[in-house]
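Residue numbers run from 1 in the order of the sequence given.
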Amino acid sequence: MGQHDHHEHHGESLADAARHFLEEAGEKWTDTRAAIFDALSGFSRPASAYDIAELVSATRGKRVAPNSVYRILDLFVATNLAMRVETANAYLANSHPGCEHDCIFLVCDTCGEATHIDDDTLSAKVRGVAKEQGFNSVRPVIEVRGICQKCV
């Protein structure tokens, strides 16, 4: 598989990296954005905006609207801090926000867990086919649905 090396961040290191890359993109790292990122990065499987809004609301003791969460998640995706699992309409924190690559997920239909795979060879092939078809600015999102080893 055509994989590349990158530094995986976890916990506080991940939040620090996310803040760095968001600010580098010219955006502010607000308390609300930090709370939403912390909530997102705490989920072990893709989380919906409603899951995140509920958790942040409970943690902060004041209601956070899912629409606000969606706007922030869109910003996180645009700045490579999060990845969207399209078929689940849910999000995962990007554990290596400084590394831009395409989204390839193995999504379990039983437990909902999504495993992110990096395969530059596969991504390049998909980009090449898209370019041959006249597509520009292609960023493949590939999702394979099935049942993970834990659920078999």
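Counting only distance, with no hydrogens or angles, the side chain of Glu143 and the backbone of Thr87 share a donor-acceptor pair below 3.5 Å. Without hydrogens or angle criteria, Ser57 side chain to Val64 main chain gives a donor-acceptor distance under 3.5 Å.
Of all heavy-atom pairs between Thr79 and Leu75, the closest is OG1-O, 2.8 Å. Of all heavy-atom pairs between Ala15 and Asp38, the closest is CB-OD1, 3.9 Å. Of all non-hydrogen atoms in Pro97 and Ala18, the two that sit nearest each other are CG-N, 4.2 Å.
Looking at heavy atoms from C-beta onward, Glu113 lies out of side-chain contact with Val107 at the 4.5 angstrom threshold. At a threshold of 4.5 Å between non-hydrogen side-chain atoms, the residues Glu24 and His20 count as touching. Between Asn89 and Tyr70, some side-chain heavy-atom pair lies under the 4.5 Å cut-off.
With values rounded to the nearest 0.5 angstrom, Phe37 atom CZ is found 9.5 Å from Leu22 atom CG. Atom CG in Leu14 sits 8.0 Å away from atom CG in Asn94 (nearest 0.5 Å). Residue Thr115 holds its OG1 atom at 9.5 Å from CD of Gln149, rounded to the nearest 0.5 Å. Atoms CD1 and CD1, on Ile52 and Ile36 in that order, are 7.5 Å from each other to the nearest 0.5 Å. One finds the CE atom of Met83 at 12.5 Å from the CG atom of Leu73 (value rounded to the nearest 0.5 Å). Atom CZ of Phe76 sits about 14.5 Å away from atom CZ of Phe21, to the nearest 0.5 Å.
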Exercise for the section: Go through the steps to decide whether Arg71 and Val69 satisfy the test side chain to side chain contact (heavy atoms under 4.5 Å, CB included), and finish with yes or no. Expected result: CA-CA 5 Å; Arg71 282 192 297 277; Val69 174; over 6 Å; no
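Enclosure of atom CZ in Arg84 by more than 12 non-hydrogen atoms of other residues, nucleotides or ligands within 6.0 angstrom is indicated.
Placement of Tyr50 and Val56 within a single hydrophobic cluster is found when ILVMFWY residues are connected by side-chain heavy-atom separations under 4.5 Å, directly or transitively. Note on Val141 and Val129: separate hydrophobic clusters, where clusters join Ile, Leu, Val, Met, Phe, Trp and Tyr whose side-chain heavy atoms are under 4.5 Å apart, directly or indirectly.
Applying the salt bridge (charged side-chain N to carboxylate O under 4.0 Å, His left out) test to Asp109 and every residue at least two apart in sequence or in another chain returns Arg145. Among residues two or more places apart in sequence or in another chain, the side-chain contact (heavy atoms from CB on, under 4.5 Å) test is passed with Ile104 by Ile117, Asp119, Leu122, Ser123, Ile142. Annotation: salt bridge (charged side-chain N to carboxylate O under 4.0 Å, His left out) contacts of Lys62 (sequence neighbours excluded): none. Under the rule for a side-chain contact (heavy atoms from CB on, under 4.5 Å), the partners of Ala88 that lie at least two apart in sequence or sit in another chain are Val85, Ala90. Evaluation of the ring-ring contact (aromatic ring centres under 6.0 Å, His included) rule for Tyr91 yields no partner, not counting sequence neighbours. Residues satisfying the salt bridge (charged side-chain N to carboxylate O under 4.0 Å, His left out) criterion with Glu27, sequence neighbours excluded, are Arg33.
Side-chain atoms of Asp51 and Ser48 include a donor-acceptor pair closer than 3.5 Å.
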